[in-house]
Protein chains: 2
Amino acid sequence: MIRFVEMNSYTEENYLKSIYHLSLSNEESVSTNSIAAALNTKAASVTDMLKKLADKKLINYTKYQGVTLTEEGNGIAINIVRKHRLWEYFLVEKLNFKWDEVHELAEELEHITSAELVDRLDKFLNFPKYDPHGDPIPDNTGRIKKHELIPISALKDGDKGIIMGVREHTPVFLQYLEKMNLTIGKHIQLIEVVAFDASVILKVNKETVSLSRDAAKNILVTV
Amino acid sequence: MIRFVEMNSYTEENYLKSIYHLSLSNEESVSTNSIAAALNTKAASVTDMLKKLADKKLINYTKYQGVTLTEEGNGIAINIVRKHRLWEYFLVEKLNFKWDEVHELAEELEHITSAELVDRLDKFLNFPKYDPHGDPIPDNTGRIKKHELIPISALKDGDKGIIMGVREHTPVFLQYLEKMNLTIGKHIQLIEVVAFDASVILKVNKETVSLSRDAAKNILVTV
DNA sequence: ATAATTTTTTAGACTTATCTAAAAAAATGA
DNA sequence: TCATTTTTTTAGATAAGTCTAAAAAATTAT
């Protein structure tokens with residue numbers, strides 16, 4: 001008896017990916033509404049899809065209780081994340097796109113199915129560990145090398161750090177960081193947290209810059 | 001007033017591509033049945049889609065008369081062909097796939113939308129003129145450099161040629177050619193057309209090989 | 001603890017692309 | 001030419017994914 005590899009649609013993959021990302025920041029189970037917001041769709045549509053994914057045993061779902069990924073669902077989601085980040089790396093390193101231009105493109109490329117293609121791309125790129133935004137790239141067994149990163153907003157006066165990632169991937173934010181010279185690998189030192197509005201003043205390359213609390217929360221460093 | 005770029009679905013793109021390829025070998029307008037055969041679908045489905053594409057002015061369609069591409073439809077089709085062939089080139093030259101492995105993969109990649117990505121890929125690959133099967137790659141204005149190729153079956157005894165392309169892209173055929181050493185760039189000389197079955201005997205690298213008429217028809221050479 | 005609010009689900013409808021079966025038109029052939 | 005065959009189109013159904021509106025459950029607040 002021949003067994004076919006279960007194929008998941010483009011849409012199903014996007015749901016799994018969203019649930020995966022929401023799980024990371026939530027710890028708890030993921031709500032219908034949060035998925036709807038992430039995918040820019042309606043809660044009713046989400047409910048329909050959750051039933052479908054539960055039937056396929058890709059999520060654990062009980063009505064009104066939110067969802068978690070099953071092991072299989074998690075594996076599929078991580079594979080999509082792997083493809084997304086590898087393609088982003090390719091686009092920046094080989095095709096010279098800027099880091100704020102690649103997210104949208106990778107949203108399409110991540111759905112290309114062939115596992116062989118992904119593994120060869122990985123090899124061609126020399127098995128990169130992090131994507132252009134500092135996010136870790138899962139290896140072909142799904143393992144993720146994660147390092148301890150903290151937001152600049154958690155630093156104390158005088159603390160030093162190296163920028164290793166961002167929490168916010170919108171082009172407008174990334175372009176702003178680029179302009180401020182706050183890109184991956186840059187060494188920074190926190191000079192002062194302003195008491196008035198909790199904005200931060202820091203040094204990058206001998207220059208002093210000021211950042212809102214909100215911006216500081218979205219830049220991740222190693223200390 | 002803002003005008004959006006007309007987006008065509010994955011399916012619509014495949015229809016346009018099929019009509020394009022069928023037009024090349026047919027000269028005439030393309031029949032509903034031939035499209036159904038090419039896309040492995042039913043004539044009734046094709047009729048539905050033809051109406052839709054005609055509404056969008058991508059094809060010229062009158063009931064029972066077959067179809068031709070409009071200028072716009074042709075442009076879209078050529079762009080898909082461009083993407084397909086560039087990705088094939090990438091897969092073979094950069095990711096070390098074999099020429100019989102890339103067609104299926106490119107069928108997916110050809111639908112990635114970004115024009116910027118395609119142009120950068122083109123540049124990264126150094127503006128290749130032909131794909132791994134010898135098919136010409138349209139440039140970003142849609143221009144195709146075509147050379148005069150003739151099938152080996154049209155050669156006369158003693159004629160020499162260089163293999164520049166194939167008419168048949170199935171893995172089984174390409175693997176056969178690989179095994180016979182009949183790959184792109186190889187110099188061949190036709191020794192004899194066998195009277196009995198019109199099979200051909202030819203020389204490749206000092207070796208003598210025999211090919212069926214059918215195989216000979218599907219290998220293209222410059223003389 | 002119960003009323004008000006928010007979240008989630010259900011019910012029913014719409015769109016896209018597909019199908020089968022039957023009807024209509026075109027092509028073929030005696 | 002007129003009957004037969006082939007091709008194409010129409011009609012009506014189905015599946016996937018979405019939507020709105022309304023109902024049900026859960027949460028929050030008094």
Side-chain angles (χ1 to χ4, degrees), chain A residues 4 6-19 22-23 25-69 73 76 80 107-108 110-111 113, chain B residues 4 6-19 22-23 25-69 73 76 80 107-108 110-111 113:
Chain A
F4 291 97
E6 187 73 26
M7 251 299 284
N8 304 292
S9 73
Y10 192 102
T11 310
E12 288 168 334
E13 291 191 347
N14 279 338
Y15 272 87
L16 293 172
K17 185 182 56 161
S18 278
I19 295 167
L22 291 167
S23 301
S25 34
N26 264 11
E27 217 49 62
E28 309 285 307
S29 77
V30 175
S31 74
T32 301
N33 259 1
S34 64
I35 298 170
L39 289 171
N40 201 18
T41 182
K42 295 291 144 70
S45 312
V46 174
T47 300
D48 288 345
M49 181 56 83
L50 294 184
K51 284 182 194 161
K52 195 176 160 192
L53 294 174
D55 283 349
K56 289 180 144 195
K57 307 231 190 296
L58 301 177
I59 60 174
N60 305 114
Y61 170 57
T62 32
K63 277 192 195 175
Y64 298 102
Q65 298 289 138
V67 295
T68 57
L69 292 170
I76 294 168
I80 297 164
E107 289 285 308
E108 261 188 273
E110 72 190 6
H111 299 288
T113 47
Chain B
F4 293 95
E6 188 73 28
M7 252 298 283
N8 303 291
S9 73
Y10 193 102
T11 311
E12 288 168 335
E13 290 191 348
N14 279 336
Y15 272 87
L16 292 173
K17 184 181 57 160
S18 278
I19 296 166
L22 291 166
S23 300
S25 33
N26 264 11
E27 216 50 61
E28 309 287 305
S29 77
V30 175
S31 75
T32 301
N33 260 359
S34 64
I35 297 170
L39 289 172
N40 201 19
T41 183
K42 295 291 144 68
S45 311
V46 174
T47 300
D48 287 345
M49 182 57 84
L50 295 185
K51 285 181 192 161
K52 195 176 160 191
L53 293 174
D55 283 348
K56 290 179 144 195
K57 306 230 190 297
L58 301 177
I59 59 173
N60 305 113
Y61 170 57
T62 32
K63 275 190 195 175
Y64 297 102
Q65 297 290 137
V67 295
T68 57
L69 292 170
I76 293 168
I80 297 164
E107 289 285 309
E108 261 189 89
E110 73 190 4
H111 298 288
T113 46

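Below, read A as the first sequence line, B as the second, and so on, with proteins coming before strands; counting in each chain starts at 1.
Remark: A:I76 CD1 to A:L69 CG distance equals 9.0 Å, nearest 0.5 Å.
You'll find that the side chain of A:T47 is closest to C:dT8, out of C:dT8, D:dT18, C:dA24. Proximity note for A:S45 (side chain, C-beta onward) versus D:dC19, D:dA25, D:dT8: the nearest is D:dC19. Distances from the side chain of B:Y15 to the nucleotides D:dT9, C:dT10, C:dT18 place C:dT18 closest.
Contacts classified as side-chain hydrogen bond (donor to acceptor under 3.5 Å, both in side chains) and involving residues 31-44 of chain A (residues at least two apart or in different chains) are given here: A:S31-A:S34.
Between B:V67 and B:L53, the closest side-chain pair of non-hydrogen atoms is not below 4.5 Å. Considering only heavy atoms from C-beta on, B:I19 comes within 4.5 Å of B:L50 through its side chain.
One can place OH of B:Y64 at 12 Å from C1' of D:dT6, the figure rounded to the nearest angstrom. Computed from coordinates, the B:L50 CG to D:dT7 P distance equals 16 Å when rounded to whole Å. Put simply, NZ on B:K63 is 10 Å from P on C:dA26, counting in whole angstrom units. Across the protein-nucleic acid pair, A:Q65 atom CD and D:dA26 atom P stand 7 Å apart, rounded to whole Å. Separating the CG atom of A:N14 from the P atom of D:dA16 is a distance of 18 Å, rounded to the nearest angstrom.
Nearest-nucleotide assignment on DNA chain D puts the 5′-proximal partner with B:G66, out of A:D48 and B:G66.
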Name the atoms and distances for all side-chain donor-acceptor pairs under 3.5 Å in residues 59-66 of chain B, with sequence neighbours left out.
| from | atom 1 | to | atom 2 | distance (Å) |
| --- | --- | --- | --- | --- |
| B:N60 | OD1 | B:T68 | OG1 | 3.0 |

(request) Begin with the C-alpha distance, continue with both residues' side-chain angles, and end with the deciding distance and a verdict on side chain to side chain contact (heavy atoms under 4.5 Å, CB included) for A:L58 and A:E12. (result) CA-CA 10 Å; A:L58 301 177; A:E12 288 168 334; 5.9 Å; no
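Counting non-hydrogen atoms under 4.0 angstrom, B:Y10 reaches nothing in the nucleic acid.
Contacts with DNA chain C (heavy atom under 4.0 Å) in residues 30-44 of chain B: B:T41, B:K42, B:A44, listed by number.
OP1 and OP2 of C:dT9 both lie 4.0 Å or more from every side-chain N or O belonging to A:K51. The side chain of A:Y61 contributes no N or O atom lying less than 4.0 Å from OP1 or OP2 of C:dT8.
Under the salt bridge (Lys or Arg N to Asp or Glu O under 4.0 Å) criterion, A:E110 pairs with A:K17, sequence neighbours left out.
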